[in-house]
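Shown next, in structure tokens, is the structure this report addresses.
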Amino acid sequence: MTDCNTIAQALASVKAKISAAAENAGRSPLDVELVAVTKTHNSDRIIPVIEAGHRIFGENRVQEALQKWPDLMERYGDLELHLIGPLQTNKVKDAVRLFDVIQTLDRPRLARVLAREMAAQDKQLKLFIQINTGCEPQKAGVLPDQADEFIAMCRDDFEFDIAGLMCIPPFDENALPHFTLLKEIAERNDISGLSMGMSGDFEAAVEAGATHVRVGSAIFGARGF
Ligand SMILES: *Cc1c(COP(=O)(O)O)cnc(C)c1O
């Protein structure tokens with residue numbers, strides 16, 4: 001088990017690697033946001049990261065996030081919470097209340113329910129569309145050849161301002177072609193955000209243009225489950 005000091009050191013090390021990768025690619029480190037992924041970790045392990053000054057976090061389950069983040073938000077204020085896992089429509093109300101960013105918009109029905117709930121709560125979340133770049137049947141996300149149409153529908157039917165695209169490449173493949181594909185879809189649709197890269201490949205993702213990397217185990221250690 002990693003102690004608090006080590007977690008803060010790991011955070012600093014990940015940040016330094018992001019900066020170096022950005023500079024390598026001729027980009028400003030300020031153009032890359034680190035989303036610290038806290039799924040399965042409790043507040044004891046999250047607090048050192050908040051106290052080290054970090055403010056942007058990601059969770060993949062609404063239910064789990066509801067159990068730990070309201071208290072942390074009350075205590076620390078200006079945190080930014082991203083949903084990075086699949087969102088079921090029956091959890092949209094809770095998700096809109098709790099999260100600032102949804103990275104996993106991927107189907108018309110979810111878009112419709114989100115639009116209605118954001119209006120009801122008078123709260124505009126930042127929205128990323130998840131693209132299933134590997135066309136994996138078990139994985140969420142819009143298929144690459146349906147991405148343009150889905151993005152257009154989000155804009156035309158719901159007036160969403162799409163902040164970015166997100167992908168989770170197949171775990172047993174080189175991620176780079178997936179990062180490149182995501183970037184191509186974003187560019188031809190005038191979308192600036194690119195959420196790609198995890199503990200194993202965030203530096204490659206930054207070099208490929210990521211604006212958001214989602215890093216869990218490189219900061220918090222292995223997940224217990
Ligand atoms: C868990 C998770 C991550 C972080 O994974 P690590 O390999 O621990 O960095 C990133 N993105 C998504 C969607 C996740 O579910």
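For reference, positions follow the sequence shown, starting with 1. Numbering of ligands and ligand atoms starts at 1, following listing order.
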Using the rule given for ring pair (Phe, Tyr, Trp, His ring centres under 6.0 Å), can you reason through Trp69 versus Phe99, listing the C-alpha separation, both sets of side-chain angles and the distance that settles it, and then say yes or no? CA-CA 9 Å; Trp69 285 98; Phe99 288 90; 8.9 Å; no

Picking from Leu114, Leu127, Ile162, what satisfies side chain to side chain contact (heavy atoms under 4.5 Å, CB included) with Cys154? Ile162

Which atom pair, heavy atoms only, marks the closest approach of Ala186 to Leu194? CB-CD2, 3.7 Å

How about His212 and Ser195: does a side-chain donor come under 3.5 Å of a side-chain acceptor? no

Side-chain ion pair, Asp100 and Lys126, N-O less than 4.0 Å: no

Does ligand 1 have any N/O pairs with the protein under 3.5 Å, and how far apart?
| unit_1 | atom_1 | unit_2 | atom_2 | d |
| --- | --- | --- | --- | --- |
| ligand 1 | 8 (O) | Ser217 | N | 2.8 |
| ligand 1 | 8 (O) | Ser217 | OG | 2.8 |
| ligand 1 | 8 (O) | Arg223 | NH1 | 2.8 |
| ligand 1 | 8 (O) | Arg223 | NH2 | 3.3 |
| ligand 1 | 9 (O) | Ser199 | N | 3.0 |
| ligand 1 | 9 (O) | Ser199 | OG | 2.5 |
| ligand 1 | 9 (O) | Gly216 | N | 2.8 |
| ligand 1 | 11 (N) | Arg214 | NE | 2.9 |
| ligand 1 | 15 (O) | Lys39 | NZ | 2.6 |

Kindly indicate whether the side chain of Thr38, heavy atoms from C-beta on, has any atom under 4.5 Å from the side chain of Ile219. no

